[in-house]
Amino acid sequence: MLIMMLLKSLVTLCILAAVAFAVPAQEKRIHHHADLSDHVHTDDHGFQYDHEAFLGKEEAKTFDQLTPDESKDRLAKIVDRIDIDKNGYVNHAELHYWIKHRQRRYIEENVNKNWNDYDQNQDGKIAWEEYKNTTYGYYLDEEFDDVEDKATYKSMLRRDERRFKTADRDSDGIATREEFTAFLHPEEFDYMKELVVQETVEDIDKNGDGKINLNEYIGDMYTPENGESEPEWIQTERKHFAEFRDANKDGYLNGDEVAEWILPREVDHADNEAKHLIHDTDTDKDGHLSLSELLDKIDYIKTSTITDYGGMRLDDHDEL
């Protein structure tokens, strides 16, 4: 049980460690947002991309099986939930928020899976002491004396505490669900991204000088076997380090350069999809969507991303 908790507590590290050592760095370290759909985004190939962006990948699989009346009833419920201000219309901001929310569904499911393990007193919050005792409690009593690599466990505890305190925006020592989400998935929150960079540098920086040289960069992704010639992709990574990663050409990656590497500025696909859906569905061109407009385009919406990303369940207990 403890080992499981330790793995849960270091989600980012575990994801990175799970990747085979021979995987190129750009696949191992870079944080990308989840795709809205696996399909090509072009109306020439049908509307399956829009279908999955509006409905969500899992919901999209079942929506086509509904009768026309069931489809309309389901869509009406979805629109009501997208309409945050309850004025009867869906505007761009509401639609953008909804698609982003659906995009993050996998994160919510991970938080939900972990929540009850740590919320020991069932008060709807997780205190640092609850998290620490659940994750490290047994070994804390022994001060990690029973652990072979005592220094590593102490380092893990310090790292968890720093991340928890950073996620705890009001510094009350207690994580709300939003703060706990930031703790488990810091790359998804702007105010946590500096910490993501710091943790990455600490992982790769073996000589402790606070920056990453070429050998450390390569060593993070590849360990040669005796007599093994260097694979071609490593030579490519050496060029990437010199030509792109090391922007100021000083031979090292500093914090800003690491941020450019692992947290690239990406196109906001959710924003583009929201604009696309409004443009194609807004019959009277007033800039927002009514339920009647959406129902008029129900065949198009059934092939879009609003309905649920990653398995929305439209029942009374499903919350945004």
Side-chain angles (χ1 to χ4, degrees), residues 1-21 23 25 28-31 107 110-111 113-115 117-118 120 126-169 171-175 179-189 191-223 252-259 261-263:
M1 180 65 177
L2 177 62
I3 297 300
M4 185 181 299
M5 293 299 183
L6 286 172
L7 291 174
K8 289 177 181 177
S9 74
L10 297 170
V11 171
T12 304
L13 286 176
C14 291
I15 291 173
L16 298 177
V19 182
F21 70 87
V23 175
K28 180 178 179 182
R29 290 283 182 189
I30 298 177
H31 300 282
I107 294 176
N110 177 258
V111 173
K113 186 171 66 175
N114 285 278
W115 186 263
D117 290 334
Y118 296 108
Q120 295 176 335
I126 295 173
W128 165 246
E129 291 299 320
E130 286 180 302
Y131 177 84
K132 180 177 68 173
N133 291 336
T134 302
T135 305
Y136 299 97
Y138 174 79
Y139 288 124
L140 284 174
D141 291 339
E142 305 295 330
E143 295 203 0
F144 300 110
D145 287 338
D146 291 340
V147 181
E148 184 174 340
D149 192 350
K150 187 177 184 178
T152 297
Y153 275 72
K154 286 187 174 182
S155 175
M156 289 163 61
L157 175 58
R158 287 193 300 269
R159 183 173 174 138
D160 270 359
E161 184 171 16
R162 181 182 64 192
R163 185 189 284 194
F164 193 97
K165 288 181 176 178
T166 304
D168 178 19
R169 300 195 77 174
S171 301
D172 64 353
I174 299 173
E179 290 169 336
F180 191 64
T181 302
F183 171 74
L184 290 180
H185 298 276
E187 70 282 354
E188 298 291 328
F189 293 79
Y191 78 98
M192 297 290 289
K193 288 182 177 179
E194 185 176 333
L195 178 69
V196 174
V197 172
Q198 182 180 359
E199 290 182 353
T200 302
V201 171
E202 289 172 352
D203 288 343
I204 303 175
D205 173 27
K206 301 306 181 185
N207 63 14
D209 64 356
K211 49 192 178 182
I212 299 171
N213 61 38
L214 176 60
N215 288 336
E216 290 168 335
Y217 176 80
I218 297 298
D220 179 58
M221 66 186 91
Y222 174 71
T223 303
Y252 300 92
L253 302 187
N254 59 31
D256 291 338
E257 290 164 337
V258 170
W261 165 34
I262 67 169
L263 298 169

(request) For the pair Glu188 and Thr181, evaluate side-chain hydrogen bond (donor to acceptor under 3.5 Å, both in side chains) and give the outcome as yes or no after the intermediate values. (result) CA-CA 9 Å; Glu188 298 291 328; Thr181 302; over 6 Å; no
(message) Does the plane of the ring in Tyr191 sit parallel, tilted or perpendicular to the ring in Phe189? Use 30° and 60° as the thresholds.
(response) perpendicular
(request) Kindly say whether Leu263 contributes a backbone atom to a donor-acceptor pair with the side chain of Glu187 at under 3.5 angstrom? (result) no
(request) Specify the closest pair of heavy atoms between Ala182 and Met192, including all atoms of both residues, with the distance to one decimal. (result) O-CE, 3.5 Å
(request) Mind checking the OH-OH spacing from Tyr153 to Tyr136? Nearest 0.5 Å is all I need. (result) 9.0 Å
(message) Determine whether a donor-acceptor pair (N or O, by modelled atom type, separation under 3.5 Å) exists between the side chain of Glu216 and the backbone of Lys206.
(response) yes
(message) For Val196, is there any backbone N or O sitting under 3.5 Å from a side-chain donor or acceptor partner on Glu199?
(response) no
(message) Any heavy-atom pair between the side chains of Tyr118 and Glu130 that's under 4.5 Å?
(response) no
(message) Within this structure, what is the CG-CD1 distance for the pair Asn213 and Ile218, rounded to the nearest 0.5 Å?
(response) 10.5 Å
(message) For Glu194, is the CD atom crowded, meaning more than 12 foreign heavy atoms sit under 6.0 Å from it?
(response) no
(message) To the nearest 0.5 Å, what is the distance between CG on Asp205 and CG on Asp220?
(response) 11.0 Å
(message) With rounding to the nearest 0.5 angstrom, report the CG to CD distance, Asp203 to Gln198.
(response) 10.5 Å
(request) Give the minimum heavy-atom separation between Ile262 and Val197, together with the two atoms involved. (result) CD1-CA, 4.2 Å
(message) Keeping Lys211 on the side-chain end and Gly208 on the backbone end, is there a donor-acceptor pair under 3.5 Å?
(response) no
(message) Keeping Thr166 on the side-chain end and Arg162 on the backbone end, is there a donor-acceptor pair under 3.5 Å?
(response) yes
(message) Quick check for you: to the nearest 0.5 Å, what is the distance between Arg158 atom CZ and Lys154 atom NZ?
(response) 8.0 Å
(message) Can you tell me how far apart CZ (Arg159) and CD (Glu202) are? Round to the nearest 0.5 Å.
(response) 6.0 Å
(request) Give the intermediate values and the outcome of side-chain hydrogen bond (donor to acceptor under 3.5 Å, both in side chains) for residues Asp209 and Tyr252. (result) CA-CA 10 Å; Asp209 64 356; Tyr252 300 92; 5.0 Å; no
(request) Determine, stepwise, if the pair Glu161 / Lys132 fulfils salt bridge (Lys or Arg N to Asp or Glu O under 4.0 Å). (result) CA-CA 8 Å; Glu161 184 171 16; Lys132 180 177 68 173; over 6 Å; no
(message) Quick one: does any side-chain atom of Asp168 pair with a main-chain N or O of Asp172 as donor and acceptor, under 3.5 Å?
(response) yes
(message) Are the side chains of Tyr217 and Trp261 in contact, using a 4.5 Å heavy-atom criterion?
(response) yes
(message) If you compare all heavy atoms of Ile212 against all heavy atoms of Val201, which two are closest, and at what distance to 0.1 Å?
(response) CD1-CA, 4.1 Å
(request) Compare every heavy atom of Phe164 with every heavy atom of Gly173, then report the nearest pair and how far apart it is. (result) O-CE2, 3.8 Å
